[in-house]
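Hydrogens, waters and symmetry mates play no part in the numbers below; they use all other heavy atoms, side chains included.
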Amino acid sequence: MNHGIRMMPRSRLRWGWLAGVVVLAVMAVVGAVGERASADGKVFAVAASPATIPGQQALICYKDGVQTLAIETRFHGEGKEFAWVVPLPAAPEISGTTTGVFPSLRAVFLPVVEVSQPQWTIATAWAGLLLFLALLSNKSWARTMAILLIFLFAMCMLMPSLGQARGIAGGGDDVQILDRRFVGSYETQTIRSDSPTALSDWLVANGFEVPPSAAPAIARYVEDGWCFVAARLRRDDPVAAEMTPHPLVFRFATGTPVYPMRLTMTQDRPVSLELYVFGERAASVKGLEVESSSPVEYKDHGGWRQRHRSDAVVIAHAAIAGIVGDLPWATKLVGTIKPGASEDLKVGWAGTPIKRDWKYGRGDAMLLAIACGLLVWCVWLVMLIAWRHSKAIAFGRALRAAMLGFAVCAVIAAGVRAALPTTEVVERSGDGQSVIHTAAYGVHDAIELRSKAGEGVDLAWIREEMKRLVIAAAEERGPEQRVPIEEDSPGNYILRVMDAEYISLLYIGAAGQESEVAWLSTGVVKK
(Lines give C-alpha, C1' and ligand atoms only; values in the text may rest on other atoms or scores of the structure.)
Protein backbone atom coordinates (compact mmCIF):
# COMPACT_ATOMS: atom_id res chain seq x y z
CA MET A 1 0.00 0.00 0.00
CA ASN A 2 1.45 3.35 -0.99
CA HIS A 3 1.24 6.24 1.45
CA GLY A 4 1.35 9.89 0.30
CA ILE A 5 1.24 8.99 -3.39
CA ARG A 6 -2.01 9.12 -5.34
CA MET A 7 -1.90 6.98 -8.47
CA MET A 8 -3.94 7.85 -11.57
CA PRO A 9 -6.14 4.95 -12.75
CA ARG A 10 -4.97 3.14 -15.86
CA SER A 11 -8.09 4.16 -17.75
CA ARG A 12 -7.19 7.79 -17.15
CA LEU A 13 -3.60 7.16 -18.27
CA ARG A 14 -4.78 5.53 -21.50
CA TRP A 15 -7.18 8.37 -22.25
CA GLY A 16 -4.56 10.93 -21.32
CA TRP A 17 -1.85 9.43 -23.51
CA LEU A 18 -4.22 9.07 -26.46
CA ALA A 19 -5.50 12.62 -26.12
CA GLY A 20 -2.00 13.96 -25.62
CA VAL A 21 -0.78 12.27 -28.80
CA VAL A 22 -3.69 13.75 -30.77
CA VAL A 23 -3.13 17.25 -29.42
CA LEU A 24 0.64 17.10 -29.98
CA ALA A 25 0.03 15.93 -33.57
CA VAL A 26 -2.18 18.95 -34.16
CA MET A 27 0.51 21.14 -32.59
CA ALA A 28 3.05 19.76 -35.05
CA VAL A 29 0.73 20.52 -37.98
CA VAL A 30 0.14 24.06 -36.69
CA GLY A 31 3.86 24.60 -36.30
CA ALA A 32 4.51 23.40 -39.84
CA VAL A 33 1.85 25.70 -41.28
CA GLY A 34 3.20 28.60 -39.24
CA GLU A 35 6.67 28.10 -40.67
CA ARG A 36 5.55 28.33 -44.29
CA ALA A 37 3.56 30.21 -43.23
CA SER A 38 -5.10 50.36 -74.74
CA ALA A 39 -7.50 54.18 -76.30
CA ASP A 40 -8.52 53.70 -79.65
CA GLY A 41 -5.98 53.17 -82.16
CA LYS A 42 -5.57 51.05 -85.18
CA VAL A 43 -2.18 49.41 -85.65
CA PHE A 44 -1.30 49.54 -89.34
CA ALA A 45 1.68 47.42 -90.32
CA VAL A 46 4.09 48.74 -92.91
CA ALA A 47 4.42 46.80 -96.19
CA ALA A 48 1.04 45.12 -95.96
CA SER A 49 1.87 43.07 -92.83
CA PRO A 50 -1.46 42.81 -90.98
CA ALA A 51 -1.48 43.48 -87.23
CA THR A 52 -4.20 42.52 -84.78
CA ILE A 53 -4.81 43.91 -81.30
CA PRO A 54 -5.56 41.18 -78.73
CA GLY A 55 -5.95 43.52 -75.75
CA GLN A 56 -5.83 47.12 -74.60
CA GLN A 57 -5.30 48.92 -71.33
CA ALA A 58 -5.86 52.61 -70.79
CA LEU A 59 -5.74 55.14 -67.98
CA ILE A 60 -8.14 58.10 -68.09
CA CYS A 61 -7.86 61.09 -65.76
CA TYR A 62 -10.37 63.90 -66.03
CA LYS A 63 -10.49 67.24 -64.23
CA ASP A 64 -11.76 70.73 -65.17
CA GLY A 65 -12.48 69.87 -68.80
CA VAL A 66 -9.05 68.33 -69.47
CA GLN A 67 -8.58 64.62 -70.14
CA THR A 68 -5.33 62.75 -69.77
CA LEU A 69 -5.26 59.46 -71.62
CA ALA A 70 -2.43 56.94 -71.23
CA ILE A 71 -2.54 53.95 -73.55
CA GLU A 72 -0.80 50.61 -73.60
CA THR A 73 -1.53 48.40 -76.61
CA ARG A 74 -0.43 44.84 -77.22
CA PHE A 75 -0.49 43.59 -80.78
CA HIS A 76 0.66 40.77 -83.02
CA GLY A 77 2.13 41.28 -86.47
CA GLU A 78 5.03 40.62 -88.80
CA GLY A 79 7.46 43.27 -89.95
CA LYS A 80 9.71 45.87 -88.37
CA GLU A 81 7.59 49.03 -88.62
CA PHE A 82 4.06 49.75 -87.44
CA ALA A 83 1.87 52.82 -87.35
CA TRP A 84 -0.46 53.33 -84.43
CA VAL A 85 -3.24 55.74 -85.38
CA VAL A 86 -5.23 57.29 -82.52
CA PRO A 87 -8.23 59.57 -83.14
CA LEU A 88 -8.80 62.29 -80.52
CA PRO A 89 -11.41 65.06 -80.19
CA ALA A 90 -8.73 67.78 -79.91
CA ALA A 91 -5.04 68.23 -80.65
CA PRO A 92 -3.15 66.76 -77.68
CA GLU A 93 0.07 67.29 -75.83
CA ILE A 94 1.96 64.01 -76.24
CA SER A 95 4.44 62.49 -73.83
CA GLY A 96 5.70 59.05 -72.89
CA THR A 97 5.72 57.13 -69.65
CA THR A 98 7.38 54.02 -68.30
CA THR A 99 6.50 50.42 -69.12
CA GLY A 100 5.84 49.78 -65.42
CA VAL A 101 2.75 52.01 -65.24
CA PHE A 102 0.15 49.46 -66.29
CA PRO A 103 1.65 46.43 -64.48
CA SER A 104 1.65 48.63 -61.35
CA LEU A 105 -1.96 49.68 -61.92
CA ARG A 106 -2.96 46.04 -62.26
CA ALA A 107 -1.17 45.28 -58.99
CA VAL A 108 -2.74 48.06 -56.91
CA PHE A 109 -6.23 47.19 -58.20
CA LEU A 110 -5.88 43.51 -57.30
CA PRO A 111 -8.10 42.18 -54.49
CA VAL A 112 -6.82 43.18 -51.06
CA VAL A 113 -4.96 40.14 -49.70
CA GLU A 114 -5.46 39.69 -45.97
CA VAL A 115 -2.44 38.40 -44.08
CA SER A 116 -3.10 36.20 -41.06
CA GLN A 117 -0.60 36.56 -38.24
CA PRO A 118 0.78 33.06 -37.46
CA GLN A 119 1.72 33.98 -33.88
CA TRP A 120 -1.97 34.03 -32.95
CA THR A 121 -2.41 30.52 -34.31
CA ILE A 122 0.64 29.32 -32.38
CA ALA A 123 -0.54 31.09 -29.20
CA THR A 124 -3.99 29.50 -29.33
CA ALA A 125 -2.41 26.10 -29.97
CA TRP A 126 -0.15 26.39 -26.90
CA ALA A 127 -3.03 27.73 -24.82
CA GLY A 128 -5.15 24.75 -25.87
CA LEU A 129 -2.37 22.32 -24.93
CA LEU A 130 -1.86 23.93 -21.52
CA LEU A 131 -5.57 23.95 -20.79
CA PHE A 132 -5.78 20.30 -21.78
CA LEU A 133 -2.93 19.44 -19.40
CA ALA A 134 -4.67 21.45 -16.71
CA LEU A 135 -7.77 19.34 -17.28
CA LEU A 136 -5.69 16.19 -16.66
CA SER A 137 -4.24 17.68 -13.48
CA ASN A 138 -5.60 16.94 -10.01
CA LYS A 139 -4.36 20.26 -8.62
CA SER A 140 -6.69 22.71 -6.97
CA TRP A 141 -8.63 25.29 -9.00
CA ALA A 142 -6.56 28.16 -7.62
CA ARG A 143 -3.23 26.53 -8.53
CA THR A 144 -4.49 25.64 -12.00
CA MET A 145 -5.57 29.22 -12.66
CA ALA A 146 -2.23 30.53 -11.37
CA ILE A 147 -0.35 28.31 -13.84
CA LEU A 148 -2.61 29.48 -16.68
CA LEU A 149 -2.09 33.15 -15.81
CA ILE A 150 1.70 32.70 -15.70
CA PHE A 151 1.60 30.97 -19.09
CA LEU A 152 -0.58 33.67 -20.67
CA PHE A 153 1.74 36.38 -19.32
CA ALA A 154 4.74 34.58 -20.83
CA MET A 155 2.95 34.27 -24.16
CA CYS A 156 2.14 38.00 -24.17
CA MET A 157 5.84 38.73 -23.58
CA LEU A 158 6.80 36.41 -26.46
CA MET A 159 4.22 37.67 -28.97
CA PRO A 160 6.39 40.50 -30.39
CA SER A 161 9.29 38.11 -31.03
CA LEU A 162 6.96 35.56 -32.62
CA GLY A 163 5.66 38.23 -34.94
CA GLN A 164 9.15 39.19 -36.10
CA ALA A 165 10.11 35.69 -37.11
CA ARG A 166 8.55 36.00 -40.65
CA GLY A 167 9.61 38.65 -42.10
CA ILE A 168 7.23 60.29 -91.53
CA ALA A 169 6.65 62.80 -94.55
CA GLY A 170 4.96 66.14 -94.92
CA GLY A 171 1.21 66.59 -95.44
CA GLY A 172 -0.59 67.22 -98.68
CA ASP A 173 -2.81 70.19 -99.44
CA ASP A 174 -5.81 68.57 -97.72
CA VAL A 175 -3.95 67.21 -94.66
CA GLN A 176 -2.72 69.57 -91.96
CA ILE A 177 0.17 68.51 -89.73
CA LEU A 178 -0.43 70.06 -86.31
CA ASP A 179 2.56 68.63 -84.48
CA ARG A 180 5.51 66.32 -84.99
CA ARG A 181 7.84 64.95 -82.33
CA PHE A 182 9.80 61.93 -81.12
CA VAL A 183 8.44 60.36 -77.93
CA GLY A 184 10.49 57.43 -76.65
CA SER A 185 10.29 54.65 -79.21
CA TYR A 186 7.75 56.53 -81.34
CA GLU A 187 7.80 59.18 -84.02
CA THR A 188 4.43 60.92 -83.72
CA GLN A 189 2.54 63.29 -86.01
CA THR A 190 -0.77 64.92 -85.17
CA ILE A 191 -2.79 65.46 -88.34
CA ARG A 192 -6.19 66.79 -89.30
CA SER A 193 -8.16 66.82 -92.54
CA ASP A 194 -11.59 67.72 -93.82
CA SER A 195 -11.42 64.87 -96.32
CA PRO A 196 -11.50 61.21 -95.25
CA THR A 197 -10.08 60.24 -98.63
CA ALA A 198 -7.17 62.66 -98.30
CA LEU A 199 -6.39 61.38 -94.81
CA SER A 200 -6.43 57.76 -95.97
CA ASP A 201 -4.28 58.67 -98.97
CA TRP A 202 -1.80 60.37 -96.64
CA LEU A 203 -1.45 57.18 -94.59
CA VAL A 204 -0.99 55.07 -97.71
CA ALA A 205 1.54 57.56 -99.14
CA ASN A 206 3.56 57.22 -95.94
CA GLY A 207 3.76 53.46 -96.26
CA PHE A 208 0.78 52.32 -94.18
CA GLU A 209 -1.86 49.92 -95.37
CA VAL A 210 -5.35 51.18 -94.57
CA PRO A 211 -7.89 48.34 -94.83
CA PRO A 212 -11.23 49.17 -96.50
CA SER A 213 -13.04 48.32 -93.22
CA ALA A 214 -11.45 51.38 -91.56
CA ALA A 215 -12.90 53.88 -94.08
CA PRO A 216 -16.34 54.39 -92.40
CA ALA A 217 -14.77 55.02 -88.98
CA ILE A 218 -12.24 57.49 -90.44
CA ALA A 219 -15.05 59.30 -92.28
CA ARG A 220 -17.08 59.73 -89.07
CA TYR A 221 -14.12 61.05 -87.12
CA VAL A 222 -13.31 63.53 -89.89
CA GLU A 223 -16.95 64.65 -89.98
CA ASP A 224 -16.86 65.23 -86.20
CA GLY A 225 -13.73 67.38 -86.53
CA TRP A 226 -11.40 65.03 -84.71
CA CYS A 227 -7.65 64.89 -85.27
CA PHE A 228 -5.44 61.82 -85.57
CA VAL A 229 -2.13 60.98 -83.94
CA ALA A 230 -0.06 58.77 -86.24
CA ALA A 231 2.70 57.12 -84.24
CA ARG A 232 5.37 55.18 -86.09
CA LEU A 233 7.04 52.39 -84.14
CA ARG A 234 10.04 50.35 -85.22
CA ARG A 235 11.41 47.08 -83.86
CA ASP A 236 14.50 45.07 -84.77
CA ASP A 237 12.96 41.58 -85.04
CA PRO A 238 10.52 41.13 -87.96
CA VAL A 239 9.20 37.77 -86.70
CA ALA A 240 5.50 37.76 -85.76
CA ALA A 241 5.21 38.00 -82.00
CA GLU A 242 3.19 39.85 -79.38
CA MET A 243 4.62 43.30 -78.77
CA THR A 244 3.91 45.71 -75.91
CA PRO A 245 5.50 49.10 -76.60
CA HIS A 246 5.84 51.67 -73.84
CA PRO A 247 2.66 53.70 -73.21
CA LEU A 248 1.94 57.08 -74.74
CA VAL A 249 0.18 59.84 -72.79
CA PHE A 250 -2.21 62.31 -74.47
CA ARG A 251 -3.53 65.43 -72.74
CA PHE A 252 -6.33 67.35 -74.44
CA ALA A 253 -9.43 69.45 -73.80
CA THR A 254 -12.86 67.82 -74.03
CA GLY A 255 -16.27 68.36 -72.51
CA THR A 256 -16.85 64.64 -71.94
CA PRO A 257 -14.10 62.09 -71.26
CA VAL A 258 -14.05 59.50 -74.00
CA TYR A 259 -12.29 56.33 -74.99
CA PRO A 260 -12.41 56.07 -78.82
CA MET A 261 -13.08 52.56 -80.08
CA ARG A 262 -14.60 52.86 -83.56
CA LEU A 263 -11.32 52.60 -85.44
CA THR A 264 -10.03 49.76 -83.28
CA MET A 265 -13.12 47.67 -83.81
CA THR A 266 -12.80 47.62 -87.58
CA GLN A 267 -10.76 44.45 -87.03
CA ASP A 268 -12.55 41.12 -87.15
CA ARG A 269 -11.99 39.89 -83.60
CA PRO A 270 -13.00 41.05 -80.10
CA VAL A 271 -10.74 43.21 -77.95
CA SER A 272 -10.40 42.75 -74.20
CA LEU A 273 -10.27 46.09 -72.41
CA GLU A 274 -9.13 47.24 -68.96
CA LEU A 275 -9.95 50.87 -68.29
CA TYR A 276 -8.67 52.71 -65.21
CA VAL A 277 -10.52 55.99 -64.59
CA PHE A 278 -9.47 58.60 -62.01
CA GLY A 279 -11.82 61.50 -61.32
CA GLU A 280 -13.80 63.39 -58.71
CA ARG A 281 -16.34 60.56 -58.45
CA ALA A 282 -16.85 56.93 -59.42
CA ALA A 283 -16.95 56.32 -63.16
CA SER A 284 -19.28 54.26 -65.33
CA VAL A 285 -19.06 53.22 -68.97
CA LYS A 286 -21.87 51.56 -70.90
CA GLY A 287 -20.90 48.02 -71.83
CA LEU A 288 -18.13 47.69 -69.23
CA GLU A 289 -18.34 46.11 -65.78
CA VAL A 290 -17.12 47.95 -62.68
CA GLU A 291 -14.55 45.63 -61.13
CA SER A 292 -13.32 48.06 -58.46
CA SER A 293 -14.40 51.49 -57.24
CA SER A 294 -12.79 53.16 -54.25
CA PRO A 295 -11.11 56.30 -52.91
CA VAL A 296 -7.42 56.93 -53.57
CA GLU A 297 -4.60 57.29 -51.06
CA TYR A 298 -1.35 58.83 -52.26
CA LYS A 299 1.83 57.73 -50.51
CA ASP A 300 5.46 58.71 -50.74
CA HIS A 301 7.19 56.87 -53.58
CA GLY A 302 10.03 55.49 -51.46
CA GLY A 303 10.17 53.22 -48.42
CA TRP A 304 6.44 53.11 -47.69
CA ARG A 305 4.73 49.91 -46.58
CA GLN A 306 1.02 49.21 -46.13
CA ARG A 307 0.45 48.00 -42.59
CA HIS A 308 -3.32 47.71 -42.44
CA ARG A 309 -6.23 46.69 -44.60
CA SER A 310 -7.80 49.56 -46.52
CA ASP A 311 -10.53 49.76 -49.14
CA ALA A 312 -8.63 52.62 -50.77
CA VAL A 313 -6.45 52.22 -53.85
CA VAL A 314 -2.93 53.16 -52.78
CA ILE A 315 -0.79 55.03 -55.33
CA ALA A 316 2.90 55.06 -54.47
CA HIS A 317 4.27 54.75 -58.01
CA ALA A 318 6.03 57.92 -59.14
CA ALA A 319 5.03 57.72 -62.83
CA ILE A 320 1.37 56.97 -62.05
CA ALA A 321 1.21 59.82 -59.53
CA GLY A 322 2.69 62.14 -62.16
CA ILE A 323 -0.16 61.30 -64.54
CA VAL A 324 -3.03 61.11 -62.06
CA GLY A 325 -2.21 64.13 -59.89
CA ASP A 326 -4.45 64.28 -56.82
CA LEU A 327 -7.79 62.98 -58.09
CA PRO A 328 -9.71 61.42 -55.18
CA TRP A 329 -11.55 58.45 -56.76
CA ALA A 330 -10.47 55.49 -58.90
CA THR A 331 -12.58 53.03 -60.89
CA LYS A 332 -11.47 49.96 -62.80
CA LEU A 333 -13.77 48.85 -65.61
CA VAL A 334 -13.36 45.68 -67.66
CA GLY A 335 -15.08 44.12 -70.64
CA THR A 336 -14.77 42.71 -74.13
CA ILE A 337 -15.66 44.86 -77.11
CA LYS A 338 -17.05 42.94 -80.06
CA PRO A 339 -16.11 43.63 -83.68
CA GLY A 340 -18.21 46.21 -85.46
CA ALA A 341 -18.72 48.50 -82.44
CA SER A 342 -19.96 51.76 -83.91
CA GLU A 343 -19.69 54.06 -80.91
CA ASP A 344 -16.88 55.33 -78.74
CA LEU A 345 -16.93 54.66 -75.00
CA LYS A 346 -18.06 57.73 -73.08
CA VAL A 347 -17.28 58.03 -69.39
CA GLY A 348 -20.11 58.99 -67.08
CA TRP A 349 -20.00 59.77 -63.38
CA ALA A 350 -21.99 57.81 -60.83
CA GLY A 351 -22.20 58.14 -57.07
CA THR A 352 -19.40 56.98 -54.80
CA PRO A 353 -20.12 53.37 -53.81
CA ILE A 354 -17.04 51.52 -52.60
CA LYS A 355 -16.44 48.23 -54.36
CA ARG A 356 -13.17 46.52 -53.44
CA ASP A 357 -12.68 42.78 -53.41
CA TRP A 358 -10.59 41.23 -50.65
CA LYS A 359 -9.31 37.71 -50.19
CA TYR A 360 -6.92 35.61 -48.11
CA GLY A 361 -3.93 33.73 -49.37
CA ARG A 362 -4.63 30.00 -49.02
CA GLY A 363 -1.99 29.50 -46.34
CA ASP A 364 -3.19 32.56 -44.40
CA ALA A 365 -6.80 31.32 -44.59
CA MET A 366 -5.70 27.98 -43.13
CA LEU A 367 -3.88 29.70 -40.27
CA LEU A 368 -6.89 31.83 -39.42
CA ALA A 369 -9.25 28.84 -39.57
CA ILE A 370 -7.01 26.80 -37.24
CA ALA A 371 -6.76 29.74 -34.83
CA CYS A 372 -10.56 30.09 -34.75
CA GLY A 373 -11.06 26.38 -34.08
CA LEU A 374 -8.43 26.32 -31.34
CA LEU A 375 -9.87 29.43 -29.72
CA VAL A 376 -13.29 27.80 -29.44
CA TRP A 377 -11.65 24.67 -28.01
CA CYS A 378 -9.81 26.75 -25.41
CA VAL A 379 -13.10 28.28 -24.23
CA TRP A 380 -14.62 24.80 -24.02
CA LEU A 381 -11.63 23.53 -21.99
CA VAL A 382 -11.91 26.42 -19.53
CA MET A 383 -15.55 25.47 -18.96
CA LEU A 384 -14.65 21.79 -18.46
CA ILE A 385 -11.91 22.68 -15.96
CA ALA A 386 -14.37 24.80 -13.99
CA TRP A 387 -16.98 22.03 -13.98
CA ARG A 388 -14.46 19.41 -12.96
CA HIS A 389 -13.04 21.37 -10.04
CA SER A 390 -16.57 22.12 -8.84
CA LYS A 391 -17.15 18.32 -8.75
CA ALA A 392 -19.97 18.67 -11.29
CA ILE A 393 -18.32 16.33 -13.78
CA ALA A 394 -16.08 13.28 -13.38
CA PHE A 395 -12.62 13.00 -14.92
CA GLY A 396 -13.58 10.41 -17.54
CA ARG A 397 -16.56 12.41 -18.73
CA ALA A 398 -14.49 15.62 -18.80
CA LEU A 399 -11.81 13.93 -20.90
CA ARG A 400 -14.32 12.53 -23.35
CA ALA A 401 -16.03 15.92 -23.55
CA ALA A 402 -12.66 17.56 -24.26
CA MET A 403 -11.92 15.20 -27.14
CA LEU A 404 -15.45 15.55 -28.51
CA GLY A 405 -15.05 19.33 -28.31
CA PHE A 406 -11.75 19.01 -30.16
CA ALA A 407 -13.47 17.15 -33.00
CA VAL A 408 -16.28 19.72 -33.14
CA CYS A 409 -13.78 22.58 -33.24
CA ALA A 410 -11.93 20.83 -36.08
CA VAL A 411 -15.20 20.86 -38.01
CA ILE A 412 -15.63 24.55 -37.14
CA ALA A 413 -12.12 25.28 -38.44
CA ALA A 414 -12.90 23.43 -41.69
CA GLY A 415 -16.08 25.49 -42.07
CA VAL A 416 -14.23 28.76 -41.49
CA ARG A 417 -11.61 27.76 -44.06
CA ALA A 418 -14.28 26.91 -46.63
CA ALA A 419 -16.12 30.20 -46.00
CA LEU A 420 -13.09 32.47 -46.38
CA PRO A 421 -12.55 33.92 -49.89
CA THR A 422 -9.10 32.85 -51.03
CA THR A 423 -6.68 33.43 -53.86
CA GLU A 424 -3.39 31.91 -54.93
CA VAL A 425 -0.49 34.01 -53.66
CA VAL A 426 2.21 33.12 -56.16
CA GLU A 427 5.00 35.21 -54.73
CA ARG A 428 5.30 36.27 -51.12
CA SER A 429 6.58 39.74 -50.35
CA GLY A 430 10.37 39.74 -50.40
CA ASP A 431 10.91 36.70 -52.65
CA GLY A 432 11.84 38.82 -55.65
CA GLN A 433 13.66 41.27 -53.43
CA SER A 434 15.94 38.57 -52.05
CA VAL A 435 16.89 37.53 -55.60
CA ILE A 436 17.71 41.16 -56.40
CA HIS A 437 19.75 41.45 -53.18
CA THR A 438 21.79 38.38 -54.14
CA ALA A 439 22.44 39.77 -57.62
CA ALA A 440 23.39 43.17 -56.17
CA TYR A 441 26.09 41.57 -54.00
CA GLY A 442 27.45 39.81 -57.09
CA VAL A 443 27.53 43.06 -59.10
CA HIS A 444 29.25 44.85 -56.24
CA ASP A 445 31.95 42.16 -56.04
CA ALA A 446 32.45 42.25 -59.82
CA ILE A 447 32.86 46.04 -59.73
CA GLU A 448 35.46 45.73 -56.98
CA LEU A 449 37.45 43.19 -59.01
CA ARG A 450 37.42 45.46 -62.05
CA SER A 451 38.37 48.43 -59.92
CA LYS A 452 41.37 46.61 -58.46
CA ALA A 453 42.45 45.86 -62.01
CA GLY A 454 42.18 49.56 -62.81
CA GLU A 455 39.07 49.13 -64.95
CA GLY A 456 35.93 51.22 -64.59
CA VAL A 457 32.34 50.31 -65.42
CA ASP A 458 29.39 52.18 -66.90
CA LEU A 459 25.61 51.90 -66.67
CA ALA A 460 25.38 49.56 -69.67
CA TRP A 461 27.87 47.13 -68.10
CA ILE A 462 26.06 47.22 -64.74
CA ARG A 463 22.73 46.66 -66.47
CA GLU A 464 23.93 43.55 -68.30
CA GLU A 465 25.76 42.16 -65.26
CA MET A 466 22.70 42.71 -63.08
CA LYS A 467 20.46 40.95 -65.60
CA ARG A 468 22.80 37.96 -65.79
CA LEU A 469 23.13 37.60 -62.03
CA VAL A 470 19.39 38.02 -61.40
CA ILE A 471 18.70 35.12 -63.78
CA ALA A 472 21.35 33.00 -62.05
CA ALA A 473 20.01 33.79 -58.56
CA ALA A 474 16.45 32.96 -59.62
CA GLU A 475 17.51 29.66 -61.19
CA GLU A 476 19.20 28.66 -57.92
CA ARG A 477 15.86 29.00 -56.15
CA GLY A 478 14.11 26.59 -58.49
CA PRO A 479 11.74 26.71 -61.45
CA GLU A 480 8.90 28.28 -59.43
CA GLN A 481 10.88 31.45 -58.76
CA ARG A 482 9.89 34.32 -61.03
CA VAL A 483 12.82 36.18 -62.61
CA PRO A 484 12.70 39.92 -61.78
CA ILE A 485 13.35 42.28 -64.67
CA GLU A 486 14.52 45.87 -65.00
CA GLU A 487 11.17 47.65 -64.96
CA ASP A 488 9.42 50.00 -62.54
CA SER A 489 6.66 47.53 -61.69
CA PRO A 490 5.98 45.46 -58.52
CA GLY A 491 8.53 42.75 -57.81
CA ASN A 492 11.12 44.19 -60.22
CA TYR A 493 13.99 46.68 -60.01
CA ILE A 494 15.34 49.82 -61.64
CA LEU A 495 18.78 51.39 -61.89
CA ARG A 496 18.86 55.15 -61.34
CA VAL A 497 21.90 57.29 -62.05
CA MET A 498 22.47 59.54 -59.03
CA ASP A 499 25.60 61.35 -60.16
CA ALA A 500 28.73 60.78 -62.24
CA GLU A 501 29.96 58.02 -59.93
CA TYR A 502 27.03 56.34 -58.19
CA ILE A 503 24.02 54.35 -59.42
CA SER A 504 21.16 53.47 -57.08
CA LEU A 505 19.56 50.01 -57.32
CA LEU A 506 15.87 50.22 -56.32
CA TYR A 507 13.34 47.47 -55.66
CA ILE A 508 9.70 48.20 -56.61
CA GLY A 509 7.20 47.14 -53.96
CA ALA A 510 3.59 45.96 -54.22
CA ALA A 511 2.11 49.46 -54.57
CA GLY A 512 4.88 50.76 -56.82
CA GLN A 513 6.93 52.23 -53.98
CA GLU A 514 10.69 52.31 -54.29
CA SER A 515 13.02 50.69 -51.78
CA GLU A 516 16.76 51.19 -52.08
CA VAL A 517 18.72 47.96 -52.25
CA ALA A 518 22.27 49.13 -52.93
CA TRP A 519 24.51 51.89 -54.23
CA LEU A 520 26.83 50.84 -57.03
CA SER A 521 29.96 52.84 -57.78
CA THR A 522 31.19 53.23 -61.34
CA GLY A 523 34.48 54.82 -60.34
CA VAL A 524 37.90 53.19 -60.47
CA VAL A 525 39.58 52.55 -57.12
CA LYS A 526 43.16 53.71 -57.45
CA LYS A 527 45.93 51.38 -56.32
* To do: Walk me through it: do Leu495 and Leu506 pass the test side chain to side chain contact (heavy atoms under 4.5 Å, CB included)?
  => CA-CA 6 Å; Leu495 294 165; Leu506 302 169; over 6 Å; no

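- The OG1 atom of Thr98 lies 7.5 Å from the CD1 atom of Ile323; values are rounded to the nearest 0.5 Å.
- Not a single donor-acceptor pair under 3.5 Å links the side chain of Trp519 to the backbone N or O of Met498.
- The side-chain heavy atoms of Val443 and Leu469, taken from C-beta on, include a pair separated by under 4.5 Å.
- Comment: Glu486 does not engage Lys467 in a salt bridge, judged by the lack of any side-chain N to carboxylate O separation of less than 4.0 angstrom.
- Between Glu280 and Lys63 the shortest side-chain heavy-atom distance falls below 4.5 Å.
- Pairing each heavy atom of Thr97 with each of Ala319, the nearest pair is OG1-CB, 3.8 Å.
- The shortest distance between side-chain heavy atoms of Ile315 and Val324 does not fall below 4.5 Å.
- Residues Lys346 and Pro257 form no side-chain contact, since every pair of their non-hydrogen atoms from C-beta on lies 4.5 Å or further apart.
- Of the N and O atoms on the side chains of Ser434 and Arg477, at least one donor lies less than 3.5 Å from an acceptor on the other residue.
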* **side chain to side chain contact (heavy atoms under 4.5 Å, CB included) between Ile462 and Ile447, intermediate numbers included** => CA-CA 9 Å; Ile462 291 177; Ile447 290 175; 4.1 Å; yes

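- With hydrogens and angles disregarded, no donor-acceptor distance shorter than 3.5 Å links the side chain of Arg417 to the backbone of Ile370.
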* Show your working on side chain to side chain contact (heavy atoms under 4.5 Å, CB included) between Val258 and Gln67 and close with a plain yes or no. => CA-CA 8 Å; Val258 63; Gln67 176 177 339; 4.2 Å; yes

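- Using a 4.5 Å heavy-atom cutoff, the side chains of Ile508 and Ser489 are not in contact.
- Contact check for Pro295 versus Pro328: no side-chain heavy atoms found under the 4.5 Å cut-off.
- For Arg468, the salt bridge (Lys or Arg N to Asp or Glu O under 4.0 Å) partners two or more places apart in sequence, or in a different chain, are Glu465.
- Between Tyr298 and Leu327 the shortest heavy-atom distance is OH-O, 2.6 Å.
- Residues Ala58 and Leu69 share a closest heavy-atom pair of CB-CD1, 4.2 Å.
- To the nearest 0.5 angstrom, Phe250 atom CZ is 4.5 Å from Ile71 atom CD1.
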* Stepwise, does the side chain to side chain contact (heavy atoms under 4.5 Å, CB included) test hold for Leu105 with Ile320? -> CA-CA 8 Å; Leu105 280 172; Ile320 297 175; 3.8 Å; yes

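- Between atom OG of residue Ser284 and atom CD of residue Glu289 there is a gap of 13.5 Å, rounded to the nearest 0.5 Å.
- Heavy-atom minimum distance, Ser293 versus Ala282: OG-CB, 3.4 Å.
- Atom CD1 in Ile412 sits 10.0 Å away from atom CG in Leu375 (nearest 0.5 Å).
- Between the side chain of Tyr62 and the backbone N or O of Thr254, at least one donor-acceptor pair lies under 3.5 Å.
- One distance of note links OG of Ser515 with OH of Tyr507; it measures 8.5 Å at 0.5 Å rounding.
- Not a single donor-acceptor pair under 3.5 Å links the side chain of His444 to the backbone N or O of Ala439.
- Counting only heavy atoms from C-beta outward, the side chains of Ile60 and Phe278 never approach each other to under 4.5 Å.
- In this structure, Glu514 pairs ionically with Arg496, as a charged nitrogen and a carboxylate oxygen lie closer than 4.0 Å.
- At a cut-off of 3.5 Å, with distance as the only test, no side-chain donor of Ser294 or Trp329 sits close to an acceptor on the other residue.
- Under the 30°/60° scheme for interplanar angles, the aromatic rings of Tyr276 and Phe109 are found to be tilted.
- Put simply, the side chain of Thr331 gets close to the backbone of Ala283: a donor and an acceptor are under 3.5 Å apart.
- Distance check: Cys61 SG to Arg251 CZ gives 9.5 Å after rounding to the nearest 0.5 Å.
- The shortest distance between side-chain heavy atoms of Val334 and Leu273 does not fall below 4.5 Å.
- Between Val435 and Pro484, the closest heavy-atom pair is CG1-CD, 4.0 Å.
- Val277 approaches Trp349 most closely through the heavy-atom pair CG1-CH2, 3.9 Å.
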* Going through the distances and angles, do Glu516 and Ser504 end up as a side-chain hydrogen bond (donor to acceptor under 3.5 Å, both in side chains)? -> CA-CA 7 Å; Glu516 191 169 73; Ser504 179; 2.8 Å; yes

